[in-house]
S.K.: 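Take this structure, written in structure tokens, and hold onto it; I'll ask about it next.
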Protein chains: 2
Amino acid sequence: MRVALIEQAAAMLVAREPVTLRALAGRVGTSTMAVYTHFDGMPGLWGAVRQEGFARLARGLAEVSPSDDPVRDLAALGAAYAANAVENPALYRAMFDAAADLPDPGAAGAGFAVLVDAAQRAVDAGRFVAADPAAVATRFWAAGHGVLLLVLSGVLPDEALDEHSPALAAAVFTAAGDDPERCAASVRAGWAGL
Amino acid sequence: MRVALIEQAAAMLVAREPVTLRALAGRVGTSTMAVYTHFDGMPGLWGAVRQEGFARLARGLAEVSPSDDPVRDLAALGAAYAANAVENPALYRAMFDAAADLPDPGAAGAGFAVLVDAAQRAVDAGRFVAADPAAVATRFWAAGHGVLLLVLSGVLPDEALDEHSPALAAAVFTAAGDDPERCAASVRAGWAGL
DNA sequence: CCACGTTACATAACGCTGCTATATCTAGCG
DNA sequence: CGCTAGATATAGCAGCGTTATGTAACGTGG
């Protein structure tokens, strides 16, 4: 019942339908009380939906297999992140509406840890010289998040994602110390996996 | 009446109070019908509020006086942009909830034009070599937007703004061709005007 | 100066929302 | 088998945005 409600809510979210208590209960063939026994109301359900969104995101990032080029891996992770957001734009926007108070913040941290790990490998490989892996990951994430939200909210056209995301990634990576040309090649390779 | 409703709605937004039709009408001492005669309903009011938000933002950016260092000016514009968002976080978030369909999109474009103009001056001054001013401005904007939203939504701590925004700005500007050291100094100078 | 039509505001009611109190049903276990 | 605890169904609440209707104020042409 829990999973049915969460998945139905997520489905209605991606279908751009208004996720209302009665409509949700009707879709899964139960009554409105189910939301209260399992989630203690709509805010609880939203929390669970956001949680599921971050879980799917972490799952998508985990599918990116590491290579011997950590910068390529970072770019590939960015591409997977963007793909996940573009496939379910409404879910992605809902995730960050109240991402601060997640039922289990660890799920969001797991996805971020993959980024930090790749950045750490880039440091170990001598690509990022004297750079803080967490800071690089954060800046890479923030830049991608900004482009994504501007595109998803319709401020920037869809093409802006492919036009600006790799450039921003390369800018962050070269600022971390990577060689510009080598970085450009790695980013190109990583982003192509989209 | 129009301005009273808009300003009251913006005030309730920054006060984190729920902006409800009856509460809004009660605050300005009128009835609910005023919102319908002037804005044709709540969505229209939200559009006007977002418009006012972008107008205030453009006003804040216009107060940044250009200097002989265009890269410093870009950083200063970024600082003013961030300051505006931090001062009214709820308004900033509301602005981009449906920024695509603004009553008058020109207002948002005016603020962006200031960024593009500074980037153009950087190109003319030889700081940004062979870079598209609009692309640089867009990337700078997107990166700042991402950091801001992550901070405003509580995902990143407040310190992250000062820690990552200048670094991202410098990364974007050096990627545009500016000299790293000179760029770092300009960004430092521009960001200090916060 | 007055009657007019238009505009802005007040009032009441409708349908919908999330939520809760109550009742019913459905296992699980001694 | 009978009992207890948990989950589901039903009905109703206050609140929301919206609308229909009524009323007062305004500017304008005769």
S.K.: Does any part of the side chain of B:Asp73, heavy atoms only, come nearer than 4.5 Å to the side chain of B:Val64, both counted from C-beta?
M.R.: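 Sidechains of B:Asp73 and B:Val64: no contact.
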
S.K.: Would one find a side-chain N or O of A:Thr37 under 4.0 angstrom from OP1 or OP2 of D:dT8?
M.R.: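 Yes, such a contact exists.
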
S.K.: For DNA chain C, which nucleotides open and close the run of contacts to chain B, 5' to 3', at under 4.0 angstrom from a non-hydrogen atom?
M.R.: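 So the contact region on DNA chain C extends C:dC9 to C:dA13.
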
S.K.: Is a donor from one side chain sitting under 3.5 angstrom from an acceptor on the other, for A:His38 and A:Arg2?
M.R.: no

S.K.: Using a 4.0 Å cut-off on protein heavy atoms (strictly under), produce a 5'-to-3' string for nucleotides 16-28 of chain D with B for base contact, S for backbone-only sugar-phosphate contact, and - for none.
M.R.: BBBBB--------

S.K.: Only one of A:Tyr92, A:Phe54, A:Phe140 forms a ring pair (Phe, Tyr, Trp, His ring centres under 6.0 Å) with A:Tyr81, so which one is it?
M.R.: A:Tyr92

S.K.: For a quick test of reading the model, state the closest non-hydrogen atom pair linking A:Ala75 to A:Ser186 and the distance between them.
M.R.: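 Heavy atoms only, the tightest pair is CB-O, 4.2 Å.
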
S.K.: How about A:Asp97 and A:Trp46: does a side-chain donor come under 3.5 Å of a side-chain acceptor?
M.R.: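 There is no such pair between these side chains.
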
S.K.: Determine the contact category for B:Ser31: base if any of its heavy atoms lies under 4.0 Å from a base atom, sugar-phosphate if only primed atoms, P, OP1 or OP2 are that close, otherwise nothing.
M.R.: base

S.K.: A:Phe96 and A:His145: aromatic ring centres closer than 6.0 Å?
M.R.: yes

S.K.: To the nearest 0.5 Å, how far apart are CZ in B:Arg121 and CG in B:Leu74?
M.R.: 7.5 Å

S.K.: A quick test of your reading: do over 12 heavy atoms of other residues, nucleotides or ligands sit less than 6.0 Å from CZ of A:Arg182?
M.R.: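 Count not over threshold, so no.
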
